[in-house]
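First up is the structure itself, then whatever we jot down about it.
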Protein chains: 2
Amino acid sequence: MKKHFDILRKCSLFNQIEDEKLIKMLGCLGARVETFDKKYTIMAEGNPAKYIGIMLSGSAQIFQIDYFGNRSIVAGVEPSEMFCEAFACAEVAAVPVTVVANEPCEVMFIDCNHILHTCTNNCGFHQQLIFNLMKSLATKNIMFHRKIEITSKRSTREKIMAYLMFCAKKADSNSFDIPFDRQELADYLEVDRSGLSAEISKLRKQGIIKSYKKHFELL
Amino acid sequence: MKKHFDILRKCSLFNQIEDEKLIKMLGCLGARVETFDKKYTIMAEGNPAKYIGIMLSGSAQIFQIDYFGNRSIVAGVEPSEMFCEAFACAEVAAVPVTVVANEPCEVMFIDCNHILHTCTNNCGFHQQLIFNLMKSLATKNIMFHRKIEITSKRSTREKIMAYLMFCAKKADSNSFDIPFDRQELADYLEVDRSGLSAEISKLRKQGIIKSYKKHFELL
DNA sequence: AAAAGTATGTTGAAATTTCAACAAACGGAG
DNA sequence: CTCCGTTTGTTGAAATTTCAACATACTTTT
């Protein structure tokens, strides 16, 4: 557990929690760590939604896959980020998404009930954790607003530009890397991959952007 | 304030709060009520995101509108439902949406800081309110997942069917009313209104659905 | 009850997206 | 270094969506 300490400290769930408390807390919460190889399923659609996941190392992507196999990327998960906490907190029966490892991963799982309901030891940290959960759920809500703002654009070109402008704003620079390859970007923007490639080429030829693989530059 | 009591009690923010406490609490929270006529803007994009809204009577819709005037309906707001709580809780500077009254409305506004931070009277209810906020933010997260699941479908027909199947599930019946008129449904599904009308006609002719105005039936 | 305004359905043309297929570039594995 | 699998770019045809315009039905106002 020690080696993950720095990552855990950055996790929004443990905001304002002192280091010594954090260590004790993890035992009390019954946290466990599992490892996953690239492409392995960390959480499958239909699984009971009891656990909050925290990415300790590696990265993953959250998908929704329909009966025709069309996948839509909901979000990426980077180290120290939480996932599936909304399903656990809302006490839905099953998670409606699939989380797949992008690369070898270590993931910490915490039973959400251990956070929400006071344990027999009567630990004092539940209030702070609930407050932290609330904050990060609010932040995720805003992430969704942004995704909807981007994908509600009617044309591929507008979606690309809206996404790139958001990335530039986040990076605070006109030059930045995106976390998706072309197929993944297409799945995130909900457009056809080949059409996406064609449109990016066009934007490049028209001198609106520069791009090489995952690196982009707004001109 | 008295006449809104039954509505407020149903609001998820006040879950598990006893009736007598609720009354005192409202004063302490500095809740205020405003009325809006049909089509009036209850909250405008760019407003400071300090306040949580609670719909007391009437209904509204939450929009995102881009620089080209394309509007996307994010959600509807019915009596006893909260809105803009995510922006207030996440402490973003400004709300990124516009909330417009569908019909004459009464709305209660509560400064989110009064909920999150203990007041000088040291009222004991903050913990419960924060817990309730967390729950409803989690639930909204799931709403967004559903919207993304529906709008990520690539064709108008699939979007309609995904939406209607969700409505049927919610109503627990194949016969139900939807809360949108055609233009609004188009804005929610992020498609063209005339194309939507045409596709609904086609579904009707093919015997897949029955529909009359806002009433639908899956066959 | 008529008039005006709004919502819905219909249509065809134009624009866009998807799809399928292939070529080129790239990155590891051996 | 070469081979193989993967990613990215390109293309043209087919399908779909958007757009504009109008007809019809329905509501609200006067």
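What you are looking at is a predicted structure, and each value in this text was computed from that prediction instead of being measured.
- Using cut-offs of 30° and 60° for the angle between ring planes, the A:His145 and B:Phe144 rings count as perpendicular.
- Nearest nucleotide to the side chain of A:Ser155, out of D:dT8, C:dT17, C:dG9: C:dT17.
- The nearest heavy atom of DNA chain C to A:Glu199 and to B:Ser211 marks one nucleotide each, and the one closer to the 5' end goes with B:Ser211.
- Between A:Glu190 and A:Lys147, at least one side-chain N (NZ, or NE/NH1/NH2) sits under 4.0 Å from a carboxylate O, which counts as a salt bridge.
- B:Val107 and B:Leu56 make their closest contact through C-CD1, 4.3 Å (heavy atoms, listed as atom of the first residue, atom of the second, distance).
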Could you list, one pair per line, each protein nitrogen or oxygen that sits under 3.5 Å from a nitrogen or oxygen of nucleotides 19-21 of chain D, together with the distance?
residue: D:dC19; atom: N4; partner: B:Ser194; partner atom: OG; Å: 3.3
residue: D:dA20; atom: N6; partner: B:Ser194; partner atom: OG; Å: 3.4

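- Atom CE of A:Met55 and atom SG of A:Cys11 lie 11.5 Å apart (nearest 0.5 Å).
- Taking atom CD1 of residue B:Ile178 and atom C1' of nucleotide C:dA7, one finds them 13 Å apart after rounding to whole Å.
- In this structure, B:Asn102 places its CG atom 11 Å from P of C:dA7, rounding to the nearest Å.
- With rounding to whole Å, A:Gln183 atom CD is found 20 Å from C:dC26 atom P.
- The residues B:Asp177 and B:Lys214 are annotated as not salt-bridged, no charged nitrogen and carboxylate oxygen being separated by less than 4.0 angstrom.
- Taking atom CG of residue A:Leu196 and atom C1' of nucleotide D:dG9, one finds them 11 Å apart after rounding to whole Å.
- In this structure, of C:dT8, C:dT17, D:dT10, it is C:dT8 that holds the atom nearest to the side chain of B:Arg182.
- Between B:Ile52 and B:Leu133, some side-chain heavy-atom pair lies under the 4.5 Å cut-off.
- The side chain of B:Val191 approaches D:dT18 more closely than any other nucleotide in the set D:dT18, C:dT10, C:dT17.
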Report each atom pair, protein N/O against N/O of nucleotides 27-30 of chain C, whose distance is under 3.5 angstrom.
residue: C:dG27; atom: OP1; partner: A:Lys213; partner atom: NZ; Å: 2.9

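- Here the P atom of nucleotide D:dT16 and the CG atom of B:Leu189 are 17 Å apart, to the nearest Å.
- A straight line from NZ of B:Lys153 to P of D:dT16 spans 17 Å, rounded to a whole angstrom.
- No hydrogens or angles considered: nothing links the side chains of A:Glu149 and B:Ser72 as a donor-acceptor pair under 3.5 Å.
- Separation of atoms CD1 (B:Ile110) and CG (B:Leu26) is listed at 6.5 Å; rounding is to 0.5 Å.
- Atom CD in B:Glu158 sits roughly 12 Å away from atom C1' in D:dT16 (whole-Å rounding).
- In this structure, a donor-acceptor pair under 3.5 Å is absent between the side chains of B:Ser57 and B:His4.
- A salt bridge does not link A:Glu199 with A:Lys159: every distance from a Lys NZ or Arg NE/NH1/NH2 to an Asp or Glu carboxylate oxygen is 4.0 Å or more.
- Among the heavy atoms of the strands lying under 4.0 Å from A:Ser201 are primed sugar atoms or P, OP1, OP2 only; no base atom is included.
- When each of C:dA7, D:dT17, C:dT10 is scored by its nearest atom to the side-chain atoms of B:Thr156, the top-ranked nucleotide is D:dT17.
- Comparing B:Phe180 and B:Ala198 along DNA chain C, the residue whose closest nucleotide (by nearest heavy atom) sits nearer the 5' end is B:Phe180.
- We find that CD of B:Glu103 is positioned 17 Å from C1' of C:dT6, with the value rounded to whole Å.
- Counting non-hydrogen atoms under 4.0 angstrom, A:Arg157 reaches nothing in the nucleic acid.
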